[in-house]
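Note sheet for the following structure.
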Amino acid sequence: MTTTPTGPRPPVRSTVHGYPRIGPRRELKRACESYWKGATSAHELDTVASGLRTGVLAQLREAGVDDLPSHTFSLYDHVLDTAVLFDLVPSRFASPAAAADRDEELRRYFAMARGDQGAPPLEMTKWFDTNYHYLVPELSPSTRPRLVGDTPVAEFREAAAAGFHTRPVLLGPLTFLMLAKAADDAPDDWDPLTLLDQLLDAYARLLAELRSAGATEVQLDEPILATDAGRAATGRLEHVYQRLGVLTERPALLVSTYFGSIGAPALRVLKESPVEAVGLDLVTDDEAVDDLVQVSGLGSTRLVAGIVDGRNVWRTDVRAAAATLGTLLALADDITVSTSCSLLHVPIDLDAETALPPELRGALAFAKQKAEETALLARVLSDGGEVDDVSATRPPSFTDARVRARLDALGPQAERRTKVRGLPTDTPLTTTTIGSFPQTPDLRRARAAHRRGELPDQDYTKLLREEIDRVIALQEDIGLDVLVHGEPERNDMVQYFAEQLRGYATTEYGWVQSYGSRCVRPPILYGDVSRPAPMTVEWITYAQGRTDKPVKGMLTGPVTMLAWSFVRTDQPLGETARQVALALRDEVADLERAGIRHIQVDEAALRELLPLRRERHQDYLDWAVGSFRLATGGVAPTTTVHTHMCYSEFGLIVDGIEALDADVTSVEAARSRMELVADLGRRGYRRGIGPGVYDIHSPRVPTVEEIEESLRLAVAHIDAHKLWVNPDCGLKTRRYAEAEQALRNMVEAARRVRADLDATPPQAETT
């Protein structure tokens, strides 16, 4: 039972930090892609966006949420929006028009995100330790932050016209600058934080405009405070919020933090600053309450208590959450109940999922249900009553004794491979791809028809084999060295395996934004994991039978299977990862028995799950690396193990990458200008590396000369016989016209560099 202390206290209100942008049926994805194709106008795109924004506010109001956020929407990415808002646009995207119209504004905006011929896009990387990708701002000493947009004000007014008074949400200035990178033309020792005071001037002007429009409170998101770098920046934090706090022409300020505790020093700075409210994540770890105790509570500063998990789909234990909130009543005079972070990271509405098992469905909450939970908790705390009418449903438990016994029987040798391993590389700069090839509308329609039972198994199998035949023939014609089967049978690199593994459930409408218009349906891992039957062998062996060149087997690694799923919380992640690894180990063994000698186990999310604080890195890497090695440790010396990693800063996990013991690691490198390759060279990296030379997240086709330049940068740091040449990622989201030309350019660039290497006397490897 939760009781309210004696004396007057403001009623407990509810809010959320943000909400999914994509729409219940991915309306935003379809609207953007239609606009990119030229099929719809800028006005039509803006109309869809406006409808989605007001629809979110109506849904939150219906859920009982008191304080509604606005400006949490984006056509592509909120960090990109912030850069555009303050005119922080690299010169290569500058508009040639003196007075840009809406189409010109959108052309420039989407060019920054997706690239344009002659203008590579901004670098893309993971938003902290989530699977959302943001676009990295490029800043330099010549950058001059200034307020040039009015989107936060316009969306506030749009909401007001629809009958909603909202709290505009802005990315905090400290987080924005600490996530930015120095542009290529900036001095090596230049720090984007040099621009802090100029940026604060622009924020001050925006706050004044929001107040003039009628906003009474503005939310400034500072998730950087949950990182080591953010925790160390208390001096700058104090400078930012003293300066913004003393402004007279501003709304009330809520400084919101999430993805972990921020530490007592940073919390003390915020408590002693003039800001009116502080948001804390009470879900990610247990330290946030300890921080509050250390600073003797927040006093008159309102606490926005993030007690409902914004990143996982399990229903909140309302009784336990209410008890935690009850203890906070002694640490803050005014409390608002909230989600731990934006609900951007979960699907929209559980009510749409009618096919889930009832016992599992009863344990789940998506964004709509989590909004209802925050409203319920606020009522419970305000009333000081019992929580008897609220079920504290927990995830169903599914235990497989056979899986647990097998894991117990495996010794440390299961994670070790023989030191002499891998197939020799006949030529330097071996060319390949990451795995998937473009999936045509016909292929997607056929998969959907097969799922609905409208396309017989034999017809579907025939169609898939014909697609594999086409992909194999195309790769041979292009001249690639190591081929793939193209993955026509796969809807998603995680969902495909989740549908075949015991212990997983999948959804029909559980879409979550990954980046831009790219959405995924993370499966739900709720029980012990096992593999009832082979999952990929049929398709890989069929492909290998169509060519004399080697074909890679393609699997998704255990860490990525966890990172891109909603995972059970009743046991440590490391234990769950080992169960997934054991299932993959069986698949690897079957592929090897079928004669496949290149096996790729993608760990695209290895960097993503790395804890935000360095003190927790080693524990994570121990189980993450161990699970990968468990999956691959049983292969013969003649089998080459590959892995692949997606967009992330890899500098923090270079040692972990090497510890994976993979023969070849392919990584993103096109947008980041081969930065990781230089780092690996300095460290004396000895294994194979495949730096991506073709940015598949952009529709632009890189020229032969661009790719050649990237490869020459790479061979300056890594022995060419250890270098593989490949795109940044799979090609599923691209069109054949783009992908085929880019691959032909890639093979030609590799041929040119290879020819020069053949004509040059060998030199010692750079270390």
Side-chain angles (χ1 to χ4, degrees), residues 10-28 31 42-75 78 81 85 102 149-170 206-221 249-254 256 276-277 279 302 304 308 310 334-339 342-344 346 348-352 366-379 382:
V12 176
R13 298 177 66 82
S14 59
T15 192
V16 299
H17 284 304
Y19 207 75
R21 311 157 176 162
I22 58 176
R25 294 296 182 270
R26 295 181 293 162
E27 291 87 347
L28 179 61
H43 175 71
E44 289 171 304
L45 174 60
D46 288 337
T47 299
V48 171
S50 177
L52 290 173
R53 290 191 293 266
T54 54
V56 163
L57 294 173
Q59 189 171 83
L60 289 173
R61 177 59 52 80
E62 182 182 355
V65 174
D66 299 308
D67 301 332
L68 306 179
S70 63
H71 196 239
T72 63
F73 179 84
S74 176
L75 287 174
H78 60 280
D81 293 350
L85 179 66
R102 181 57 174 157
D150 67 347
T151 306
V153 177
E155 292 185 8
F156 175 82
R157 287 177 170 151
E158 174 189 68
F164 303 103
H165 182 78
T166 62
R167 178 186 73 251
V169 178
L170 308 173
L206 177 57
L207 291 173
E209 292 188 7
L210 285 167
R211 177 176 174 174
S212 179
T216 54
E217 184 175 59
V218 168
Q219 176 179 322
L220 292 157
D221 284 353
E249 296 299 317
R250 67 167 178 85
L253 299 181
L254 159 61
S256 180
E276 285 75 17
R302 180 164 55 95
V304 179
V308 173
D334 191 359
I335 290 181
T336 296
V337 180
S338 181
T339 51
S342 171
L343 295 171
L344 170 72
V346 295
I348 293 177
D349 189 1
L350 180 63
D351 293 342
F366 291 177
K368 177 175 178 284
Q369 290 72 37
K370 288 177 181 293
E372 293 169 347
E373 290 176 338
T374 64
L376 172 61
L377 281 163
R379 292 196 300 271
S382 289

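Between A215 and F156, the shortest heavy-atom distance links the atoms N-CZ, 3.3 Å. Residues A252 and E276 approach most closely at CA-OE1, 3.4 Å, considering heavy atoms. Smallest separation of non-hydrogen atoms from L170 and L210: CD1-CD1, 4.4 Å. Heavy-atom minimum distance, V65 versus R61: O-NE, 4.1 Å. Summarising the geometry of T166 relative to P69, their closest heavy-atom pair is CB-C, 4.3 Å, with the distance given to 0.1 Å. Contact between G310 and V346 at its shortest, heavy atoms only, is O-CG1, 3.5 Å.
E44 CD: more than 12 foreign heavy atoms inside a 6.0 Å radius.
Counted by atom type alone, Q59 and D349 present zero donor-acceptor pairs between their side chains at under 3.5 Å. One side chain, S50 or E158, offers a donor N or O that lies under 3.5 Å from an acceptor on the other. Between the side chains of T374 and S14, not a single donor N or O lies within less than 3.5 Å of an accepting N or O. One side chain, H165 or T216, offers a donor N or O that lies under 3.5 Å from an acceptor on the other. Counting only N and O atoms by type, the side chains of S256 and H17 include a donor and acceptor under 3.5 Å apart.
The side-chain heavy atoms of V337 and V304, taken from C-beta on, include no pair separated by under 4.5 Å. Side-chain contact check for S342 versus T72: every heavy-atom pair is 4.5 Å or farther apart. Residues L60 and V56 are in side-chain contact: their nearest non-hydrogen atoms beyond the backbone lie under 4.5 Å apart. Side-chain contact between P20 and L343 is present, with heavy atoms from C-beta onward closer than 4.5 Å. Contact check for S338 versus V308: no side-chain heavy atoms found under the 4.5 Å cut-off. For the pair V218/L254, no side-chain contact is recorded, criterion being any heavy-atom separation below 4.5 Å from C-beta on. Side-chain contact between L85 and P152: present, with at least one pair of heavy atoms (C-beta onward) separated by less than 4.5 Å. At least one side-chain heavy atom of L75 sits less than 4.5 Å from a side-chain heavy atom of L28.
Between R21 and E27, none of the side-chain N atoms (NZ, or NE/NH1/NH2) sits under 4.0 Å from a carboxylate O, so this pair counts as no salt bridge. At a threshold of 4.0 Å, the pair R167-D67 does not count as salt-bridged, since none of the basic side-chain nitrogens sits closer than that to a carboxylate oxygen.
Put simply, CZ on R302 and CD on E217 are 4.5 Å apart, with the number rounded to the nearest 0.5 Å. Between atom CD1 of residue I348 and atom CZ of residue R25 there is a gap of 9.0 Å, rounded to the nearest 0.5 Å. Here the OH atom belonging to Y19 is positioned 11.0 Å from the OG1 atom belonging to T339, to the nearest 0.5 angstrom. Atoms NE2 and CD, from H71 and E155 in turn, are 5.0 Å apart once rounded to the nearest 0.5 Å. If you take CZ on F164 and CG on L57, they are separated by 5.5 Å, rounding to the nearest 0.5 Å. Once rounded to the nearest 0.5 Å, the distance linking CG of L253 with CG of L207 reads 6.0 Å.
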> Do V153 and R157 pass the side chain to side chain contact (heavy atoms under 4.5 Å, CB included) test, and can you show the C-alpha distance, the side-chain angles, and the key distance before you say yes or no?
Replying inline: CA-CA 6 Å; V153 177; R157 287 177 170 151; 3.6 Å; yes
Taking it one step at a time, do E249 and R211 satisfy side chain to side chain contact (heavy atoms under 4.5 Å, CB included)? CA-CA 7 Å; E249 296 299 317; R211 177 176 174 174; 4.2 Å; yes
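Put simply, the side chain of S382 gets close to the backbone of A378: a donor and an acceptor are under 3.5 Å apart. When atom types are taken as modelled, the side chain of Q219 and the backbone of P168 share no donor-acceptor pair closer than 3.5 angstrom. Remark: the backbone N or O of F366 is paired with a side-chain donor or acceptor of Q369 at under 3.5 angstrom. Looking at D334, its side chain never comes within 3.5 Å of a backbone N or O of P10 through a donor-acceptor pair.
In this structure, R53 satisfies the cation-pi test against F73, with its NZ or CZ atom closer than 6.0 Å to the six-membered ring centre and inside 45 degrees of the ring normal.
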